[in-house]
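In what follows, a structure is listed as structure tokens, so that the remarks can point back to it.
Sequence positions, counted from 1, serve as the residue numbers for this chain. Indexing begins at 1, ligand by ligand and atom by atom, following the structure's order.
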Amino acid sequence: MAPETSTDALVAAGVRTYVPNYAPKPVVFDHGEGSRLWDIDGREYIDLGTGISVNSFGHRHPDLVAAVTAQAGRLLHVSNLYYVESTVRLAQELVDSTFAERVFFCNSGAEANEAAIKIVRKRASEADRGPEEREIITFEGSFHGRTLATVTATAQPKYQEGFEPLPGGFTYCPFNDPEAIEAAISDRTCAVMLEPVQGEGGVTPARQGFLRHVQDLCRRHDALLVLDEIQSGMGRSGKFFAHEWERGIEPDVVTMAKALAGGLPMGAVLVGARAADALSAGTHGSTFGGNPVAAAAARVAVGLAGSSDLLANVVRQGDAFRMFLNRIDSELGLFADVRGRGLLIGAELGEAYAGKAGALVDACADEGVIVLVAGPSVLRLLPPLNISDEDVSEATQRMERAFRAFAAS
Ligand SMILES: *Cc1c(COP(=O)(O)O)cnc(C)c1O
């Protein structure tokens, strides 16, 4: 007898067999197309979560499907003991189109940040700086990943509790506070690492001038500027990298993942001149890093993310969503703040609804819209970057019904 494939049966099997570190909704997805998703019961949703900013070009994008299919028909994997064309081409394209002189490929955001941490420390060690002089400064409210080093870089106790002892060498500063970073940085600092828009921590953009200030301090102390663009990059903000919104920013290291391969697992560390040669042969590696199928997808995704039409759509639709949120707020009084950049959008619930972002997500799902939270009190939207006017209009109508039901309950 074939195993039962009903939603109830699959959810029950997942609840019984997965390590309980996630708390998934009792929904089983079957397929998608553009901004839409369908579950196995045939229910349709508009996807404003994009698998946490991974499916940034929509589901089943024909160019992504074609590239993945073609590469899968030739080779799935070769390892980094050899070259393969799709990976070499991707590296070339990233180097040609960004500040980077070299690229390291891995499989996730945490791995990209982990590699960045190793790169900045190795560079300091090459300059005869001892372990005490390889301190890395990160910011309160940040999110850099779940491995032990990246969860330590993540300056939020809720992600760290119970996993002590944590690796040393990290110092935390309040975000967007120019005096605090000035006081914290010293010649013992080997790098400052930050998100141009804090994502998981509540969708908080760096204030105009803050990145520049951090960069100036880094240069003064021979520390590297590491930007975590895992969520904010790949066109999400309306520019290829969110740091391009501020003039004169020249990072030393930028980490990427999430949308990089449009839905397949891939991370990358882009390194500029100061750090390009820090990792000599044998000092770091990843068996799957630069996987040819992921690289084939990433070549398509990077091309899409760099197109001026797409970036213009991000700015326009981002404004449309923010206008909608502000309009509905002026009537229902749900939010204390609506913020973000491009299609990385956060709406912080007001005092009366503090801690209720999860309930708002459920109300939206009931109306057929998938949205996310960023912490207990911030609603987060990460729509597809190529979302159409029709889908924005339909999504905002559905959200309006959901917000009214939420406010009434
Ligand atoms: C998601 C995220 C990470 C971690 O990426 P994983 O692929 O989950 O390891 C790191 N930094 C930022 C800014 C992120 O949004």
Side-chain angles (χ1 to χ4, degrees), residues 19 21-22 24 49-56 104-120 136-156 158-160 163 170 172 175-176 191-206 211 214 225-237 240-243 245 251 253-270 286 288-291 294 297-298 301 305 340-346 372-375 378 380-383 385:
V19 166
N21 61 315
Y22 303 114
T50 52
I52 321 182
S53 196
V54 169
N55 305 298
S56 281
F104 170 77
F105 291 120
C106 50
N107 314 286
S108 68
E111 278 178 76
N113 285 336
E114 188 85 23
I117 291 163
K118 289 182 72 174
I119 286 169
V120 298
I136 297 170
I137 297 179
T138 64
F139 292 88
E140 290 166 12
S142 62
F143 184 84
H144 298 298
R146 305 286 202 147
T147 63
L148 278 171
T150 59
V151 89
T152 307
T154 296
Q156 295 195 63
K158 70 172 175 181
Y159 293 111
Q160 301 175 340
F163 299 111
F170 291 89
Y172 308 136
F175 192 54
N176 275 332
V192 179
M193 176 161 155
L194 73 166
E195 300 154 86
V197 183
Q198 287 190 337
E200 304 298 315
V203 189
T204 311
L211 291 181
V214 173
L225 178 64
V226 180
L227 297 181
D228 178 344
E229 294 251 20
I230 288 164
Q231 188 159 164
S232 59
M234 285 297 286
R236 175 62 55 196
S237 74
F240 187 80
F241 287 127
H243 73 256
W245 285 104
V253 179
V254 168
T255 53
M256 305 177 72
K258 291 206 161 89
L260 175 57
L264 288 180
M266 178 170 245
V269 187
L270 274 53
S286 162
F288 285 118
N291 172 271
R341 273 226 193 268
L343 286 172
L344 173 45
I345 301 166
L372 304 169
V373 300
V378 177
R380 177 173 42 156
L381 307 185
L382 296 168
L385 306 184

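A donor-acceptor contact shorter than 3.5 Å is absent between the side chain of Glu229 and the backbone of Met234. Of the possible donor and acceptor atoms, one in the side chain of Ser142 sits under 3.5 Å from a partner among the backbone N and O of Ala155. Counting only distance, with no hydrogens or angles, the side chain of Gln160 and the backbone of Thr154 share a donor-acceptor pair below 3.5 Å. Judged by distance alone, the side chain of Thr138 and the main-chain N or O of Ala153 form a donor-acceptor pair under 3.5 Å.
Atoms of ligand 1 found under 4.0 Å from any heavy atom of Ala110, numbered from 1 in the order shown, are 4 (C), 5 (O), 6 (P), 9 (O). Listed by atom number, the atoms of ligand 1 under 4.0 Å from Asn113 heavy atoms are 10 (C), 11 (N). Below 4.0 Å from some heavy atom of Gln231 lie the following atoms of ligand 1, by number and element: 15 (O).
Atom 11 (N) of ligand 1 has Asp228 OD2, 2.7 Å as its closest protein atom, hydrogens excluded (heavy atom only). The protein heavy-atom contact nearest to atom 5 (O) of ligand 1 is Gly109 CA, 3.3 Å.
Remark: the Arg341 side chain and the Ser232 side chain contain no N/O donor-acceptor pair separated by less than 3.5 Å.
No N or O atom of Ile230 sits closer than 3.5 Å to an N or O atom of ligand 1. Not one N or O of Glu111 is nearer than 3.5 Å to an N or O of ligand 1, by distance alone. In terms of polar-atom proximity, His144 is not counted as a contact of ligand 1, lacking any N or O under 3.5 Å from an N or O of the ligand. Of the N or O atoms in Ala257, none lie within a sub-3.5 Å distance of an N or O in ligand 1.
At a 4.0 Å heavy-atom cut-off, ligand 1 does not touch Thr255 at all. Under 4.0 Å from ligand 1, the heavy atoms of Lys258 that appear belong solely to its side chain. Only side-chain heavy atoms of Glu195 come within less than 4.0 Å of ligand 1; its backbone N, CA, C and O stay farther off. Both the backbone and the side chain of Ser108 come within 4.0 Å of ligand 1, judged by heavy-atom distances.
Within a 4.0 Å radius of atom 8 (O) of ligand 1, the protein contributes no heavy atom.
Each of Asp228, Thr255, Thr152 was compared with His144 under the side chain to side chain donor-acceptor pair (under 3.5 Å) criterion, and only Asp228 meets it. Tested against Gln231, the residues Met256, Glu200, Gln198 include a single side chain to side chain contact (heavy atoms under 4.5 Å, CB included) partner, Glu200. Between Leu382 and the options Leu344, Asn55, Leu343, a side chain to side chain contact (heavy atoms under 4.5 Å, CB included) holds for only Leu344.
Within a 6.0 Å radius of CZ in Phe288, other residues, nucleotides and ligands contribute 12 heavy atoms or fewer.
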